There are 2 protein chains.
Amino acid sequence: MSAPAGRKTWQAVQAAVRARISRRDWKPGALIPHEAELAQEFGCSRGTVNRALRGLAEDGLLERRRRAGTRVALNPQRRAAFAIPLIRDEIEGKGQQFAARILTREMRRPPPDVQARLRVAGAAPILWLETLYTADGAPYVFEARWINTHAVPRALDADFTVISPNEWLVREVPFDSGDFTVSAMAADGRSAAVLGCAEGAGLLVLDRRTQHGAQIITSVRLVFHPGYRMHTRS
Amino acid sequence: MSAPAGRKTWQAVQAAVRARISRRDWKPGALIPHEAELAQEFGCSRGTVNRALRGLAEDGLLERRRRAGTRVALNPQRRAAFAIPLIRDEIEGKGQQFAARILTREMRRPPPDVQARLRVAGAAPILWLETLYTADGAPYVFEARWINTHAVPRALDADFTVISPNEWLVREVPFDSGDFTVSAMAADGRSAAVLGCAEGAGLLVLDRRTQHGAQIITSVRLVFHPGYRMHTRS
DNA sequence: GAGTGGTCTAGACCACGTT
DNA sequence: ACGTGGTCTAGACCACTCT
C-alpha cells in the first residue's frame with residue numbers, strides 16, 4: 001500500500017495514483033475510477049482528488065474529459081520543460097566569473113526575413129547588437145540581437161556596457177509572451193572566431209522572440225560554445 | 001478594463017493580473033496585494049484567487065512565499081516547454097509518409113560511459129538498436145538506442161520491424177520518469193552517410209533516458225536531419 | 001508573535017460530451 | 001438525459017518565515 005493511511009494531502013493522492021500507473025495496475029488507455037470514488041477510497045474530499053489528478057493530466061500522464069472520465073494516457077512523456085536562465089545566473093551558478101563584452105552596436109537595416117520576424121515594415125534602421133558572454137574568460141555564448149526601436153525607442157539611450165541588453169530589456173520593457181526555437185549549426189568563420197572554436201564545430205542555437213501584445217520587442221539568437229547542453233528532467 | 005465585471009472565474013482573475021503585470025501597473029520585484037484583498041476586489045473567494053496566482057507562479061511570472069507575500073518576478077520567461085512527440089506523429093502530422101528502418105540490432109557490450117548512464121554493472125551485452133526514420137522517404141532522424149535487457153528481458157523477443165522500438169517500449173514497459181539533454185554535433189562520417197547530408201553539417205541531438213524506479217529502461221540518442229528545429233511558444 | 005500563502009472540506013452548480 | 005470533470009464558495013487550520 002503506497003498510500004499512507006493517515007494522510008490525505010493531494011500530493012499523497014497524486015503519488016498513489018502515479019504509483020498505480022507506473023506499476024501498471026491501471027494500464028495505458030484504461031479508464032480509472034471517477035473522482036468521487038477515489039475520494040471515498042482515499043478518505044478525502046473530491047476537491048483534493050481533483051487537484052491531484054489535474055496535475056497528472058497537465059503532465060500528460062492522464063487524459064480527462066467530462067462525462068467520458070479519466071484515462072491513463074497512451075503516450076506519456078510528451079513534454080519537457082527546459083529552464084531558460086539568465087546567462088549571468090547560469091554562469092555564476094557554476095561558480096564562474098561572468099563577463100559580457102559588446103562587440104557591435106549600430107543602427108542597421110533589417111534584412112527581409114528579420115523584418116518579417118520582427119513584424120516591422122520597411123527597412124528603416126533599427127538597433128543591432130552583438131555581445132559575447134564569457135565564463136572565467138572563456139567564450140560561453142555569442143548573442144546577436146535586434147531590438148525593435150520603433151517599439152522601444154528608449155533602448156537607443158541605454159548604456160549596455162553597464163547592464164546587458166537582456167537584463168535591461170527584462171527590467172525596462174513590458175512584455176507578455178515569447179517563442180523559442182532550438183536548432184544546430186556548424187560553426188562558420190565568424191562564429192568560430194568569436195567563440196574561439198574550430199570552424200565546423202557543431203553549435204547549439206537558441207532563437208528567442210519577445211513580444212508585448214502584437215508588437216515584437218526583440219529577436220535574439222544565442223550561439224553557444226561547443227559542447228553546451230540544455231538539460232531537463234521530467 | 002480587461003476584467004469583465006460580471007465574471008468571477010479563476011481565468012478571468014488570472015488574465016486581469018497578467019494584464020496588470022504586462023502593463024506594469026505592478027512592476028517587476030514589487031509586492032502585490034495579498035489574496036484576501038484581491039478576492040474582495042474581484043468579488044470572488046480566496047480559493048479562486050489562489051488558483052489564479054498559483055498558475056502564474058508556476059509559469060514563473062510571480063514569486064510567492066508564505067508570510068512574505070507575492071511579488072512580480074524579476075526575471076520571468078524562465079522556462080519553455082517543448083513538445084516531444086512520437087516521431088511517427090510528428091511526421092504524419094505534417095502529412096508526410098512515415099517509415100522506420102532498423103539498421104542494426106545486436107547484443108553489444110556497453111562502453112563504460114553507457115554503463116554509467118544506464119546504471120548497469122559490468123559489461124554483459126545488452127540490446128543495441130539503430131533505426132532510421134524517414135519522412136516521404138527522406139531521412140528524418142537517426143536513432144541509436146540501448147535497451148537495458150536486464151530490466152526488460154522481453155525486449156529480446158520483440159519484433160521491431162512491425163512496431164518501432166519506442167512505440168513498443170511505451171506500450172509494453174512501465175516507466176515513471178526520464179531526462180532529456182539537447183546538444184549539437186557536427187555530422188561525422190556515419191551520421192552523414194545515414195542521414196544523407198554533408199559531413200560537418202550541424203545536427204541537433206536529443207538524448208533521452210527513461211527510468212522506472214531506480215532502474216534505467218532505455219537510453220536513446222536522436223540525431224535529427226540538418227535544419228531540424230524544436231519549437232515552442234510560452 | 002503575527003501575517004501570508006498552502007491546503008482541506010462539504011456542498012453546490014455548471015459545462016460538456018457521451019449515450 | 002445524465003454522468004463526469006470543472007469550478008466556486010465560505011470557512012477552517014496549518015506551515016512557513018519575517019519581524
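The figures that follow rest on heavy atoms only: side chains count, while hydrogens, waters and symmetry mates do not. In what follows, chains are A, B, ... by sequence order, proteins preceding strands, each numbered from 1. It should be emphasised that the depicted structure is a prediction, and the values quoted were computed from it without experimental measurement.
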Peer 1: For a quick test of reading the model: is some side-chain N or O of A:Q11 closer than 4.0 Å to OP1 or OP2 of C:dG6?
Peer 2: no

Peer 1: Can you list every salt bridge (charged side-chain N to carboxylate O under 4.0 Å, His left out) pair that touches residues 214-223 of chain A, not counting sequence neighbours?
Peer 2: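 Non-adjacent pairs meeting salt bridge (charged side-chain N to carboxylate O under 4.0 Å, His left out): A:D207-A:R221.
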
Peer 1: Does B:S45 put a side-chain nitrogen or oxygen below 4.0 Å from OP1 or OP2 of D:dG11?
Peer 2: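 B:S45 to D:dG11 OP1/OP2: no side-chain N or O under 4.0 Å.
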
Peer 1: Of all of residues 26-35 of chain B, which get a heavy atom below 4.0 angstrom from DNA chain D, listed by number?
Peer 2: none

Peer 1: For B:T134, check side chain to side chain donor-acceptor pair (under 3.5 Å) against everything at least two apart and list the hits.
Peer 2: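 Counting only residues at least two positions away or on another chain, B:T134 forms no side chain to side chain donor-acceptor pair (under 3.5 Å).
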
Peer 1: In this structure, how many angstroms lie between the P atom of D:dG11 and the CD atom of B:Q40, rounded?
Peer 2: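 Taking CD of B:Q40 and P of D:dG11, I get 13 Å after rounding.
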
Peer 1: Scan for salt bridge (charged side-chain N to carboxylate O under 4.0 Å, His left out) pairs involving residues 43-57 of chain A, sequence neighbours excluded, and state none if there are none.
Peer 2: A:E35-A:R46

Peer 1: Under the side chain to side chain contact (heavy atoms under 4.5 Å, CB included) test, which residues partner A:E172, sequence neighbours left out?
Peer 2: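 For A:E172, the residues satisfying side chain to side chain contact (heavy atoms under 4.5 Å, CB included) (neighbours in sequence not counted) are A:R154, A:W168.
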
Peer 1: Strictly under 3.5 Å: I want the nitrogen or oxygen pairs between protein and nucleotides 17-19 of chain C, one per line.
Peer 2:
| residue | atom | partner | partner atom | Å |
| --- | --- | --- | --- | --- |
| C:dT18 | OP1 | A:R65 | NE | 3.3 |
| C:dT18 | OP1 | A:R65 | NH2 | 2.9 |
| C:dT18 | O2 | A:R67 | NE | 3.4 |

Peer 1: How many whole angstroms separate atom CD of A:E63 from atom P of D:dG5?
Peer 2: 14 Å

Peer 1: Apply side chain to side chain contact (heavy atoms under 4.5 Å, CB included) to B:L156 and list each qualifying residue two or more places apart in sequence or on a separate chain.
Peer 2: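 For B:L156, the residues satisfying side chain to side chain contact (heavy atoms under 4.5 Å, CB included) (neighbours in sequence not counted) are B:M107, B:T149.
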
Peer 1: Among C:dT9, C:dT7, D:dG5, which nucleotide has an atom closest to any side-chain atom of A:R64?
Peer 2: D:dG5

Peer 1: Just checking A:G47: base, sugar-phosphate only, or nothing, at a heavy-atom cut-off of under 4.0 Å?
Peer 2: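 Since no nucleic acid heavy atom lies under 4.0 Å of A:G47, the category is nothing.
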
Peer 1: Does any donor atom in the side chain of B:R229 or A:S183 lie under 3.5 Å from an acceptor atom in the other side chain?
Peer 2: no

Peer 1: Minimum heavy-atom separation for A:G213 to A:D176, with atom names?
Peer 2: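 Closest pair (atom of A:G213, atom of A:D176, distance): N-OD2, 2.9 Å.
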
Peer 1: In whole Å, what is the span from the CG atom of B:L38 to the C1' atom of C:dT4?
Peer 2: 13 Å

Peer 1: Over how many whole Å does the gap from A:L53 atom CG to D:dT4 atom P extend?
Peer 2: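 Going from CG in A:L53 over to P in D:dT4 covers 14 Å.
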
Peer 1: Excluding sequence neighbours, so at least two apart, what forms side chain to side chain contact (heavy atoms under 4.5 Å, CB included) with A:H34?
Peer 2: A:A36, A:E37

Peer 1: Measure the spacing between CH2 of B:W10 and CG of B:L53 and express it to the nearest 0.5 Å.
Peer 2: 11.0 Å

Peer 1: What pairs with B:Y140 under side chain to side chain donor-acceptor pair (under 3.5 Å), at least two apart in sequence or on another chain?
Peer 2: B:E90, B:K94

Peer 1: Do any pairs count as a salt bridge (charged side-chain N to carboxylate O under 4.0 Å, His left out) and have a residue in residues 24-33 of chain B, sequence neighbours left out, and if so which ones?
Peer 2: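 Every pair satisfying salt bridge (charged side-chain N to carboxylate O under 4.0 Å, His left out) with a residue in residues 24-33 of chain B: B:R23-B:D25.
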
Peer 1: Can you tell me if the side-chain N/O atoms of A:T70 get under 4.0 Å from OP1 or OP2 in D:dT4?
Peer 2: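 A:T70 to D:dT4 OP1/OP2: no side-chain N or O under 4.0 Å.
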
Peer 1: How many Å lie between CG on B:L62 and P on C:dT4, as a whole number?
Peer 2: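 It is 16 Å, rounded to the nearest whole Å.
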
Peer 1: What's the angle between the local helix axes at either end of the helix from C:dG1-D:dC18 to C:dT18-D:dA1, using five pairs per end and rounding to 10 degrees?
Peer 2: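 About 20° separates the two local helix axes.
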
Peer 1: Should B:N50 be listed as having a side-chain N or O under 4.0 Å from OP1 or OP2 of C:dG5?
Peer 2: no

Peer 1: Given atom CZ of B:R71 and atom P of D:dT17, what is their separation to the nearest angstrom?
Peer 2: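 Result: 15 Å.
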
Peer 1: So, using side chain to side chain contact (heavy atoms under 4.5 Å, CB included) as the criterion, who are the partners of A:R88 when residues are at least two apart?
Peer 2: A:E92, A:F98, A:E167

Peer 1: Tell whether A:R46 reaches the base of D:dT7 with its side chain through a donor-acceptor pair below 3.5 angstrom.
Peer 2: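 Such a pair is found, so the answer is yes.
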
